Amino acid sequence: MALIGKPIDRIDGRLKITGAAKYSAEFKPDNMVYGYPLRSTVANGTVNDFNIEAAERCPGFITFLSYKNAPKLRPIDPAVKTGGTQADFIPPLQENRVNYFGQYIGIVVAETYEQARAAVNLITVSYTQAAPAINLKRELPKGTFPQDTSTGTPAQLNSGKAAPVLAAAPVKFEQVYQTSNENHHPMETHATLALWEGTDRLTLYDSTQAVTSLQRSTAYLFYLKPEQVQVMAYYIGGGFGSKGPQWGHITLAAMAAKVVNRPVKLVLTRQMMQTNTGRRPQSIQTISLGADQAGNLTAIRHHSDSYKNLTTYFENTGSQTEVLYKAPVHEITHRVTSLNVGPPSYMRAPGEEPGTFPLESAVDELAYQLGKDPLAFRVLNHTATEPISKLPFSGDNLLECYAIGAERFGWSRRSLQPRQQRNGRYWVGYGMATATYPALRNSTAIKIQLLADGSAKVMSAVQDIGTGTYTIMAQTAGDALGLPIEKITILIGDSSLPPGAASAGSRLTATITPAVFETGVQLRTQLLDTALADKRSPLSGRKPDEVAFGDGRFFLRDTPSVGDTYVDILRRSNQPMLEVCALSMPASGPGQGPAGSACPQIPYGLEENSNDKKYSFHSFGAQFAEVWVDEDLGTVRVKRFVSVMDIGQLMNEKTIRSQIIGGIIYGIGSALMEKTEYDERYANPVERTLADYHVPVHLDIPAIDVQFIGKPDYHLSPLGARGGGEIGTVGVTAAIANAVFNATGQRIRELPLTPDKLVGFPS
Ligand code: MOS
């Protein structure tokens with residue numbers, strides 16, 4: 001492979017640096033107006049009335065929509081599947097009920113953004129209020145034990161099975177851990193531009209992680225067919241899960257554009273993103289472990305308490321506990337209550353990120369209790385088969401991750417006892433944790449055209465959320481077709497293309513690259529057949545296995561000067577181009593779906609890895625952190641970080657390294673800074689902007705050493721790539737908390753590890 005795996009620069013990099021890449025908020029059609037949402041200032045109650053007199057007098061005011069006059073949308077039916085993210089969207093303005101602070105209760109449309117915002121600020125609202133529920137601990141007794149997680153997997157596994165084993169265990173451990181609410185702040189805020197042509201065609205420019213599923217869910221809400229809705233997202237400034245569901249602002253923009261019959265642009269503020277675009281919900285998690293004297297685990301119990309609101313989503317914090325460590329019993333349960341805060345939703349490694357903190361802290365604590373090195377303890381309890389399904393992992397390289405990481409980090413220099421290493425007024429500590437994340441693969445359709453000039457176009461309704469999808473698709477197509485990367489044009493980010501998968505759940509690379517490859521190979525094979533059958537071709541009458549390919553031509557393996565170019569073959573066949581459209585489906589072994597189907601008939605969203613029940617598909621990794629804790633101030637600095645990832649074949653060593661580094665930085669934010677709290681009186685978030693919702697800056701980030709195992713996972717696809725979007729952030733918080741214990745002797749079981757929890761630790 002000339003291109004696959006190589007650290008090639010992003011092919012869209014220059015467009016982004018020069019500003020030529022257009023993001024959703026940058027489109028400006030004629031006659032466009034602006035929408036600005038009105039948000040509730042109460043968290044539980046009903047809206048009685050609005051006073052809009054002052055707003056109506058504002059210059060540029062066009063209209064105000066609320067539950068009283070907004071278009072009626074098709075009611076949500078959880079049984080209807082409209083895309084990748086289920087019915088996790090909340091159609092706004094359909095009733096006067098208010099469920100959380102910040103909920104959209106209206107929208108002003110005006111000639112300019114400033115006019116719309118000024119008018120909204122002049123509207124007064126009268127409410128009937130009830131006391132909001134925002135305290136998780138207080139509301140937990142009302143919680144329920146849901147049968148399934150948001151993705152349909154069991155939410156209660158082996159309930160009650162661990163208790164007798166734990167009671168009989170020679171070594172016992174139990175602790176409670178807490179994680180905080182975290183909010184999404186991708187660089188690019190959410191933005192939607194909605195345009196109607198008549199009443200039966202809607203176009204959305206939207207910063208979405210899933211053009212195909214947004215097309216389908218929008219069509220559903222507006223009583224349209226999917227082909228009547230076109231969703232465009234050419235460039236996206238980060239998603240991380242926040243841009244997956246059909247959030248209310250998308251629907252608001254479409255409703256407003258329909259009513260005023262002009263294009264409407266709606267761009268969210270950072271304040272709106274604190275309440276309206278999902279969050280990682282606060283959780284309280286209890287880990288109970290049993291072991292024998294030698295340190296072999298006999299039972300793992302993981303119970304999680306968390307909350308939801310309005311949608312079915314709750315955090316599947318037990319996910320990694322289904323996968324890690326050999327033990328006769330794994331009991332995993334979830335209790336979920338309801339709170340009057342914006343609905344929790346997907347946030348980078350949803351489930352695993354907050355769920356790995358308690359599990360990997362507890363493992364570290366039990367190892368210390370047993371007097372064992374925490375890495376040796378993990379190696380002792382390693383499992384090569386998934387504990388719940390009993391299936392072998394499609395790739396079992398975690399022990400290698402541990403070994404490489406320990407070597408590069410210098411783990412052998414760590415002392416078992418805490419508070420042994422100082423540097424001036426800093427206590428120095430080493431910690432590590434395991435990372436895991438499911439390896440998903442979906443069905444996706446791809447169309448490839450080889451054009452008369454010897455260039456190729458590759459098309460699919462997928463999108464690049466900033467992570468390199470354009471580039472890896474071009475690399476893959478180049479290798480499949482035998483073309484240099486400059487000859488490949490990638491057309492994505494448009495739902496009118498053959499239906500593609502979402503950029504979510506770390507699945508797109510594993511989905512799109514085998515699809516591009518298989519389709520490219522089909523096209524190349526057809527082209528070669530044409531040449532071999534053509535009397536005018538220098539390759540006429542040769543066998544396919546006598547022929548090699550590269551740089552836009554076929555040639556004889558043993559006489560490379562004898563060959564035929566793609567341009568010549570196409571020209572002689574009197575075809576303007578050669579086109580192949582194929583569906584790629586997850587399959588056992590070398591995956592191959594039905595090919596040559598007409599693109600429009602292609603289904604979408606088939607079950608991940610559907611044909612393969614022989615393996616459990618997961619990626620693994622090991623995270624190592626060195627921290628310095630300031631004895632006087634209680635501040636924690638991450639000074640070094642080593643990460644070793646087993647995510648199968650790398651498609652582009654540069655973009656995937658950036659992904660993992662980004663995930664680790666995300667984890668450092670989660671470990672040390674990020675937290676959204678609610679004012680008990682008003683149920684509004686205290687942290688409302690990036691001035692008070694803290695995320696890491698350059699000075700917070702040390703050198704990060706990322707290594708890869710790089711062994712292809714051919715059980716998942718013929719290319720063997722698994723996703724790398726989320727696993728990089730998994731385990732980072734636990735590695736840091738474990739390092740803080742090693743530095744100070746203080747075990748902090750509540751995130752984030754802010755100075756108030758560490759200042760004045762006994763010296
Ligand atoms: Mo991811 S949280 O599925 O974008």
Side-chain angles (χ1 to χ4, degrees), residues 83-86 88-89 149-153 179 181-188 190 206-214 217 233 236-247 273 277-281 283 306 311-317 319-320 342-356 435-442 444 462-469 493 500-512 605 608-609 617-619 647 655-656 658-660 662-667 669-670 674 722-733:
T85 44
Q86 304 161 37
D88 276 343
F89 43 88
T149 68
S150 315
T151 49
T153 57
T179 66
N181 290 298
E182 292 174 6
N183 273 88
H184 276 292
H185 285 290
M187 289 288 278
E188 181 205 18
H190 295 241
D206 182 64
S207 184
T208 176
Q209 294 176 229
V211 292
T212 303
S213 74
L214 183 58
S217 54
I236 298 149
F240 312 106
S242 77
K243 293 169 178 172
Q246 172 140 10
W247 293 118
M273 291 180 56
T277 53
R279 78 210 51 252
R280 203 193 286 295
S283 71
S306 190
T311 72
T312 55
Y313 183 93
F314 69 91
E315 197 79 3
N316 181 14
T317 27
S319 183
Q320 69 295 317
S345 184
Y346 311 90
M347 185 169 183
R348 203 172 200 172
E352 288 80 4
E353 200 276 350
T356 299
T436 184
Y437 195 80
L440 305 176
R441 183 181 166 204
N442 271 52
T444 263
V462 295
Q463 52 287 311
D464 187 333
I465 59 174
T467 52
T469 302
S503 300
S506 298
R507 81 191 65 204
L508 191 57
T509 294
T511 296
I512 199 78
E608 296 94 0
N609 312 339
F617 292 97
H618 286 270
S619 285
I647 54 167
T655 55
I656 186 57
S658 295
Q659 277 275 66
I660 300 300
I664 292 163
I665 295 170
Y666 220 94
S670 182
E674 293 188 47
R722 300 198 214 106
E726 322 205 33
I727 189 171
T729 206
V730 179
V732 175
T733 52

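Everything quoted here is computed from the prediction, not taken from an experiment. Residue numbers count from 1 along this sequence. One-based numbering, in listed order, for ligands and for the atoms of each.
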Short side-chain donor-acceptor distance under 3.5 Å, [Y] and [X]:
X    : Y    : answer
T729 : R348 : no
E182 : S670 : yes
S306 : E315 : no
S283 : T179 : yes
N181 : R279 : no

Residues passing the side chain to side chain contact (heavy atoms under 4.5 Å, CB included) test with T467, sequence neighbours excluded, are D464, I465, T469, Q659
Enumerate the pairs of nitrogen or oxygen atoms, one from ligand 1 and one from the protein, separated by less than 3.5 angstrom; state names and distance to 0.1 Å.
residue	atom	partner	partner atom	Å
ligand 1	3 (O)	G505	N	2.6
ligand 1	3 (O)	E726	OE2	3.3
ligand 1	4 (O)	Q209	NE2	2.8
ligand 1	4 (O)	G241	N	2.7

